[in-house]
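Take a look at the structure set out below.
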Amino acid sequence: MTNKLKYFIGNWKMFGDFNSFKIIDKINRYTSKHKRSKKSKVVLCVPNILIDFFRKKLKHRSVSIGAQNCHHEQGYGPFTGAVSAGMLKKMGAEYIILGHSENRAEGENSSLIKKKVESALNQKLNVIFCIGEKYQDKKKGKTFSVIKRQIKESIEKKFNKNKIIFAYEPVWSIGTNKVPNINELRAVIKFIKNDLKKSFKTKKTPTVLYGGSVNQKNVKSLSLVGEIDGFLIGGASQSAKKFIDIIKNYYK
Ligand code: PEP
């Protein structure tokens with residue numbers, strides 16, 4: 001991986017209740033206790049109902065807390081069941097996952113995701129923006145064009161790129177135990193970084209993570225892709241042991 005800050009971001013999805021505090025507590029104790037040999041950052045994106053509870057209960061917090069989605073409108077409004085970026089920020093979220101393929105599959109399109117990104121950035125949340133191709137796209141050789149389009153359609157030039165972390169998550173690898181081959185993965189991450197630099201005319205290298213079936217067994221080989229700046233971890237972040245096994249090479 002690069003020498004930049006390494007991110008290990010957990011996505012709990014629809015998992016957890018008040019008893020799950022013990023999971024985040026163990027992870028937080030681990031990251032607090034172990035001197036960082038390298039610069040790493042752990043974030044856990046949890047269900048909204050747990051954000052405030054975890055934030056208040058965690059002692060000496062070295063783990064940051066994030067959310068997993070928001071409504072696109074700012075502030076308050078007549079949107080039954082919805083939660084805005086501002087409300088999440090007030091609860092203590094510092095990060096937010098947007099554009100996740102599970103939400104795209106539920107009907108979120110690029111223009112809606114763009115509004116959500118804008119709303120989250122206005123609230124000074126760090127956005128974890130997910131992109132990635134479906135298996136059919138990959139088979140047809142469309143990986144690069146799909147990713148390019150997803151970025152172009154949801155990320156405006158005026159957005160503060162310093163507050164956006166890009167997460168490459170091939171849809172076919174999420175929750176399937178399948179990961180891309182190392183050479184293909186390297187090529188995609190390089191492509192995303194070059195595309196972002198070109199599109200936004202910036203010399204600063206963007207932060208790009210990989211997500212999809214990352215576990216304690218494959219993290220070492222995935223880390224061989226030097227261009228990756230960290231990982232977005234779903235299922236394995238719901239267990240303190242599995243998550244700590246993934247991060248431990250970076251916390252010695
Ligand atoms: C995810 O949902 O963002 C994810 C990476 O899931 P998993 O690690 O379970 O494949």
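Each ligand, and each atom within it, is numbered from 1 in the order the structure gives. Because the structure is a prediction, the values reported are computed rather than measured. In what follows, every heavy atom counts, from backbone to side chain, and hydrogens, waters and symmetry copies are set aside. Start at 1 with the first residue, then count along the sequence.
Contact check on E184 versus K138 returns a salt bridge, with a Lys/Arg side-chain nitrogen under 4.0 Å from an Asp/Glu carboxylate oxygen.
F129 and F166 have perpendicular rings, their planes meeting at more than 60° on a 0 to 90° scale where under 30° would count as parallel.
Residue Y135 belongs to a hydrophobic cluster whose other members are W172, with links defined by side-chain heavy atoms closer than 4.5 Å.
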Sub-3.5 Å pairs, protein N or O with ligand 1 N or O:
residue, atom, partner, partner atom, Å
ligand 1, 2 (O), N11, ND2, 3.4
ligand 1, 2 (O), K13, NZ, 2.6
ligand 1, 2 (O), H100, NE2, 2.8
ligand 1, 3 (O), N11, ND2, 3.4
ligand 1, 3 (O), H100, NE2, 3.0
ligand 1, 3 (O), E169, OE1, 3.1
ligand 1, 3 (O), E169, OE2, 2.8
ligand 1, 6 (O), K13, NZ, 3.3
ligand 1, 8 (O), S213, N, 3.4
ligand 1, 8 (O), G234, N, 2.8
ligand 1, 9 (O), G235, N, 2.9
ligand 1, 10 (O), G175, N, 2.7
ligand 1, 10 (O), S213, N, 2.7

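By the 4.5 Å heavy-atom criterion applied to side chains, Y210 and V225 are not counted as neighbours.
Each of Q123, Q74, K158 was scored for a side chain to side chain donor-acceptor pair (under 3.5 Å) with E118, with one residue passing: K158.
Remark: K57 qualifies as a cation-pi partner of F21 under the 6.0 Å distance and 45° angle criteria applied to the six-membered ring.
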